[in-house]
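Computed from heavy atoms alone, side chains included, the values below leave out hydrogens, waters and symmetry copies.
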Amino acid sequence: MKTATFTLHNENRDNYRELEKFLLTIDGVERALIDVNDGDLKVKYDEDLISEENVIEELKNKGIAINQR
């Protein structure tokens, strides 16, 4: 398992729970948590099933603006 951390930009805090649920529907994503205080998104994923680049692509396809850490 690997963990990637991203910073969300201009994302409404009311949508955080929806975004976490969305990420959990993706094969290979084991955990998705957003820190409501600073907008950091941590995604734990199985690198045998999905890559960090695939996670980024899924976020971009959902219209989520992020910075990668």
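Taken to the nearest 0.5 Å, the CE atom of Met1 stands 6.5 Å off from the NZ atom of Lys44. To the nearest 0.5 Å, atoms CG (Leu33) and NZ (Lys42) are separated by 9.0 Å.
Remark: Glu20 engages Arg17 in a salt bridge, criterion side-chain N to carboxylate O under 4.0 Å.
Between Ile50 and Asn54, the shortest heavy-atom contact is CG1-CB, 3.3 Å. Nearest heavy atom pair, residue Phe6 against residue Ile56, reads CE2-CG1, 3.6 Å. For the residue pair Asp35 and Tyr16, the shortest heavy atom distance occurs at O-CE1, 4.3 Å.
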Problem set entry | Trace of the side-chain contact (heavy atoms from CB on, under 4.5 Å) decision for Ile66 with Thr7 | CA-CA 5 Å; Ile66 60 164; Thr7 301; over 6 Å; no

Problem set entry | Derivation of the side-chain contact (heavy atoms from CB on, under 4.5 Å) call for Ile26 and Val55 | CA-CA 9 Å; Ile26 301 169; Val55 173; over 6 Å; no

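Heavy-atom neighbours of Asn61 CG from other residues, nucleotides or ligands within 6.0 Å: above the threshold of 12.
Geometric assessment of Lys62 against the ring of Phe22 yields a positive cation-pi assignment under the 6.0 Å and 45° thresholds.
Asp40 places none of its side-chain heavy atoms less than 4.5 Å from the side chain of Ile34. The closest side-chain heavy-atom distance from Leu59 to Leu41 is below 4.5 Å. Using a 4.5 Å cut-off on side-chain heavy atoms (C-beta onward), Leu8 and Ile64 make contact. Contact check for Tyr45 versus Glu30: no side-chain heavy atoms found under the 4.5 Å cut-off.
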